[in-house]
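Take a look at the structure set out below.
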2 protein chains.
Amino acid sequence: MNIKEIAKTANVSVATVSRVLNGSSKVSEETRRKVNDVLNKVNFKTDPSARRLAIKKIEIKVFVIVSKRINRQLNSDSVVREFYSKVIEGIEQTAELNKIHVEVVELEDILNESKLKTVNGLLLIGGDTTIEHVKFIKKYGIPIVLVDQYIPTLKVDCVISDGYDGASYATKYLISKGLKKIIHIHGFLNHFGFKNRYDGFISTMENYKLLPKDYEYNDEIMEDMKPLIDKILKTYGLPEAIFASNDPIAMKVIETLNNFRIRVPQDVSVIGFDGIEIGEKFNPSLTTLKVPMYEMGSLAVKRLIDIITNHDVYPVRISLFTEFIKRGSSI
Amino acid sequence: MNIKEIAKTANVSVATVSRVLNGSSKVSEETRRKVNDVLNKVNFKTDPSARRLAIKKIEIKVFVIVSKRINRQLNSDSVVREFYSKVIEGIEQTAELNKIHVEVVELEDILNESKLKTVNGLLLIGGDTTIEHVKFIKKYGIPIVLVDQYIPTLKVDCVISDGYDGASYATKYLISKGLKKIIHIHGFLNHFGFKNRYDGFISTMENYKLLPKDYEYNDEIMEDMKPLIDKILKTYGLPEAIFASNDPIAMKVIETLNNFRIRVPQDVSVIGFDGIEIGEKFNPSLTTLKVPMYEMGSLAVKRLIDIITNHDVYPVRISLFTEFIKRGSSI
DNA sequence: TTTCTTTATGTAAACGCTTCCATATTATCA
DNA sequence: TGATAATATGGAAGCGTTTACATAAAGAAA
């Protein structure tokens, strides 16, 4: 069953059927009804490959939106840089394969421009995307896929990593090694990513009837982590293991512990999260949960293509599993 | 960059390029090398859509595996029937659209057969799939996608509905209507679906500083719910709203409440979960969260195709958002 | 040498859809 | 009323592949 047969039974041309299918305005009410009747009767579904092939003439622009903050970091030497670079690499290569034009722009720019109207789809990367941004863009009816960001109250497509599962795995690993005094050092919990990892840690500890203990850090503490470690040692004592909510924290923790003459992993095991490359070079090399960043970007593009070409309507949340990488910083 | 350009620069016909690309034997060594040189130089990648369109039928066999229990229910008149029928409809139509052959078999059958080796991919539907099943099949290196089932400890692709979000939405809705005494009646929490909905309910109530109260039901109670309602009324008092973890429970609750001369929704609001069709005919018509069942099946097939054709390696979890449908059983 | 195979390559027709362009119809205006 | 503009529809050319069929070249058999 194809468009041609539909056309024949509806007594119109294939062009007209296509127009009805795509909601183009140049069809009379009567014809539209006639075609729709046939369409419904046979429960017609457009062949995605054919549509995709035909439509390819059009320049599909995908704006990879990055907030000013992240963009600055992308240009500076930072871990964020590595993370998002990998994601963007995945985006660009997958886009190229599908002959889609990608442009990386700053979020602030696109929000001010009425350029929005020329865009076929948007990828919004990272934690700076807010509900307002999404709502604003949605008004234009432009498909969006969030990357490494999830906004629970909004039903919007997103690709994220499974922090809950990862944290849970790490915690179980430590427990399986006989460790019991495990603490979690994490970022602000209103960030969904940190929250997920936190939840995974807490619930796993509770499942094993162990007392979960967690400490929140802020940007100042990143400068100097001594006060935090000090506090932990005083109020909690020396933990057997520390699970940090990302790699930079983990490395900072190790550094600071060393200053306290506490050895990693002999005295305390440390596990990070993200799997950035520096972690491997670090001494001791960092045990971590690797987020498949390239895949994240790649999947986001594929999803966007699906949405655009199939008029896919149900938003989905795609979570990628992380990969546990055992290295030197933990037993 | 397409096959035609490759052909031109390699000084051969497009047919020949295609033959080289597909490893057909009817190409001389010399020509093959010539073409491959060009291919490598420009890092050519075949357009998937075009290929898909041109190939009339890819012989990918997908076994939709259904456990005996569910299969029995599919043949009998049950709500499970409706739910899984819709899912299977999505699977079959999407498969057909992609010219893939689908066969619905019973889980028990396939596990005993060495037929497994002839299969390109498997879809496992529903809550009866166990870790052992998956592990067994994985041994054969066959791609699997779980549908409406999630096994946290195993990194296996799955398509599920977002119970947490749905439950959370329902709870917020009730709270927004000024209701405070809200309880949750749910199934066994070791089923990930019920657990998710439970978590969504609990955490939302806590967010609003309300006391969450929940009751677990079992199959006997489904026969006669009087004891449970009795217990609730005695220990908790009359709730203002009841959120049930699926539609059948919700309807049973309403029925039983009516026997107690308690009116729905005047005295107590009731919300279900699933969005099965009977709920609409029910009196009062059921407020519920609709799981996009068709989409669930459809997405599962698409994911399986991706895994098979792209050799996609990172397993992902795809969650579909539910849709809140306000009807007569709630204010 | 002639005829018959075999092998390598090219030509062109699909695959199902979108969309530019042309045409036919109807409405609008002077 | 005739000229013009607006609107609805159809025809047909792509989109990038695959592949049946045709053809050319070369080798084998007579």
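The sequence lines fix the lettering, A, B, ..., with proteins before strands; numbering per chain opens at 1. The analysis underlying the following values was restricted to heavy atoms, covering all of them including side chains, and did not include hydrogens, waters or symmetry mates. Predicted model only: the values in this text are computed from it and were never measured.
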Original post:
Are B/Glu89 and B/Lys86 close enough for a salt bridge, meaning some N to O gap below 4.0 Å?
Top reply: no
All N/O pairs under 3.5 Å across the protein-nucleotides 9-11 of chain C interface:
from: C/dT9; atom 1: OP1; to: B/Ser28; atom 2: OG; distance (Å): 3.2
from: C/dT9; atom 1: OP1; to: B/Thr31; atom 2: OG1; distance (Å): 2.4
from: C/dT9; atom 1: OP2; to: B/Ser28; atom 2: N; distance (Å): 2.9
from: C/dT9; atom 1: OP2; to: B/Ser28; atom 2: OG; distance (Å): 3.4
from: C/dT9; atom 1: OP2; to: B/Thr31; atom 2: OG1; distance (Å): 3.1
from: C/dG10; atom 1: OP2; to: B/Ser13; atom 2: N; distance (Å): 2.7
from: C/dG10; atom 1: OP2; to: B/Ser13; atom 2: OG; distance (Å): 3.0
from: C/dG10; atom 1: OP2; to: B/Thr16; atom 2: OG1; distance (Å): 2.8
from: C/dG10; atom 1: N7; to: B/Arg19; atom 2: NH1; distance (Å): 3.4
from: C/dG10; atom 1: O6; to: B/Arg19; atom 2: NH2; distance (Å): 2.6

Original post:
Would one find more than 12 heavy atoms of other residues, nucleotides or ligands at under 6.0 Å from atom NZ of A/Lys4?
Top reply: no
Subject >> Residue pair B/Ala10 / B/Val38: nearest heavy atoms and the distance that separates them >> reply: CB-CG2, 3.7 Å
**OP:** Report the distance from atom CG of A/Asp47 to atom C1' of C/dT18, rounded to the nearest whole Å.
**Re:** 13 Å
**OP:** Quickly work out the A/Lys4 NZ to C/dT18 P distance and round it to whole Å.
**Re:** 15 Å
Original post:
Using the C1' atoms of the five pairs at each end, what is the angle between the end axes of the helix from C/dT1-D/dA30 to C/dA30-D/dT1, to 10°?
Top reply: 50°
**OP:** Whole angstrom is fine here: how far is it from CZ in A/Arg51 over to C1' in D/dG14?
**Re:** 16 Å
Original post:
Which whole-number value in Å describes the distance from B/Lys34 NZ to C/dA8 P?
Top reply: 14 Å
Original post:
Which atoms form the tightest heavy-atom contact between A/Ile308 and A/Arg51, and what is the distance?
Top reply: O-NH1, 3.7 Å
Original post:
So, for A/Phe321 and B/Val156, which heavy atoms are closest and what is the spacing to 0.1 Å?
Top reply: CE1-O, 3.9 Å
Original post:
From A/Lys135 NZ over to A/Thr153 OG1, what is the distance, rounded to the nearest 0.5 angstrom?
Top reply: 7.0 Å
**OP:** Grab the CG-C1' distance between B/Leu53 and C/dT18 for me, whole Å please.
**Re:** 13 Å
**OP:** Please report the shortest heavy-atom distance between A/Ala7 and A/Val14, naming the atom on each side.
**Re:** CB-N, 3.7 Å
Original post:
Can A/Glu29 and A/Arg32 be counted as an ion pair, charged N to O under 4.0 angstrom?
Top reply: yes
**OP:** Taking all heavy atoms of B/Ile276 and all of B/Asp247, pick out the closest pair and write down the distance.
**Re:** N-OD2, 3.0 Å
Original post:
Nearest-Å distance, NZ (B/Lys45) to C1' (D/dT17)?
Top reply: 17 Å
Subject >> Atom-pair distance (CG on A/Asn22; C1' on C/dT19), nearest Å >> reply: 10 Å
**OP:** Return the value, rounded to whole Å, for the distance between atom CD1 of A/Ile3 and atom C1' of C/dC17.
**Re:** 6 Å
